[in-house]
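Note sheet for the following structure.
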Amino acid sequence: QWNYGGQFNIGDDFDSGYTLIISIRNGNKELNSYMIEKLNVIGFGCIPSYNTIHCHYNSDSPNDDEAKQLLEQVIHAIFN
């Protein structure tokens with residue numbers, strides 16, 4: 001939660017886990033759909049826009065080892 005001195009509470013309110021942001025040139029809808037399909041299979045929730053996909057994977061206790069394994073899964077899913 002951020003402290004900015006205003007009358008409302010603000011903050012990210014994300015579940016714990018991993019966030020992945022993918023940039024795609026020229027708003028390629030086919031590539032967007034392909035990436036989202038592959039990431040959904042792994043367990044990422046995805047929010048697409050024209051040039052980016054914001055993704056989140058929930059984890060109760062994120063750590064470097066799990067991050068490495070998850071990144072390997074992402075690479076394998078996309079390129080195989």
Side-chain angles (χ1 to χ4, degrees):
Q1 179 171 307
W2 300 330
N3 182 4
Y4 72 107
Q7 62 185 18
F8 301 103
N9 290 329
I10 60 174
D12 64 18
D13 197 26
F14 285 136
D15 290 336
S16 63
Y18 305 91
T19 299
L20 173 66
I21 300 172
I22 301 168
S23 297
I24 298 177
R25 292 186 183 172
N26 304 322
N28 187 325
K29 289 182 182 182
E30 290 178 13
L31 181 57
N32 239 3
S33 295
Y34 174 82
M35 297 291 284
I36 291 169
E37 178 183 325
K38 296 297 182 176
L39 291 167
N40 283 163
V41 169
I42 298 169
F44 277 90
C46 300
I47 302 172
S49 66
Y50 183 74
N51 287 323
T52 61
I53 305 170
H54 290 254
C55 311
H56 187 77
Y57 181 91
N58 290 339
S59 175
D60 291 333
S61 54
N63 60 69
D64 289 344
D65 290 333
E66 187 180 35
K68 180 181 175 184
Q69 291 173 350
L70 190 56
L71 184 56
E72 288 173 356
Q73 287 179 348
V74 167
I75 291 168
H76 181 75
I78 291 170
F79 293 106
N80 290 316

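Not measured: the values here are computed from a predicted model. Positions are given from 1, in the same order as the sequence printed here.
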* Could you give the distance from CG (Asp65) to CG (Leu70), rounded to the nearest 0.5 Å? -> 12.5 Å
* Test item: Leu39 and Ile22 side chains (from C-beta on) under 4.5 Å apart, heavy atoms -> yes
* Check for a donor-acceptor pair, side chain of Asn40 on one end and backbone N or O of Phe44 on the other, with a separation under 3.5 Å. => yes
* Any pair counted as side chain to side chain donor-acceptor pair (under 3.5 Å), so long as it reaches residues 26-35, sequence neighbours left out -> none
* **Shortest non-hydrogen contact between Pro48 and Ile36, atoms and distance** => CB-CD1, 3.6 Å
* To do: Report the distance from atom NZ of Lys38 to atom CE of Met35, rounding to the nearest 0.5 Å.
  => 10.5 Å
* Within the side chain of Asn63, is there an N or O that forms a donor-acceptor pair under 3.5 Å with the backbone of Ser61? -> yes
* Please answer whether the main-chain N or O of Arg25 pairs with a side-chain N or O of Asn51 as donor and acceptor at a distance below 3.5 Å. => no
* **Val41 with Leu71, same ILVMFWY side-chain cluster at under 4.5 Å** => no
* To do: Look at atom CG of Asp64 and say whether more than 12 heavy atoms of other residues, nucleotides or ligands are closer to it than 6.0 Å.
  => no
* Asked: Cluster question for you: counting only ILVMFWY and a side-chain heavy-atom cut-off of under 4.5 Å, with indirect links fine, are Ile47 and Val74 together?
  -> no
* State yes or no: do Ile78 and Ile21 share one hydrophobic cluster built from I, L, V, M, F, W and Y residues joined by side-chain heavy-atom distances below 4.5 Å, directly or via other members? => no
* **side chain to side chain donor-acceptor pair (under 3.5 Å): pairs with one or both residues in residues 71-80, sequence neighbours excluded** => His76-Asn80
* **Tyr18 versus Ser59, closest heavy-atom pair with distance** => CE1-CB, 3.7 Å
* If only atom types and distance count, is the side chain of Thr19 paired as donor or acceptor with the main-chain N or O of His56 below 3.5 Å? -> no
* Straight-line distance of Ile42 CD1 to Tyr57 OH, nearest 0.5 Å -> 8.5 Å
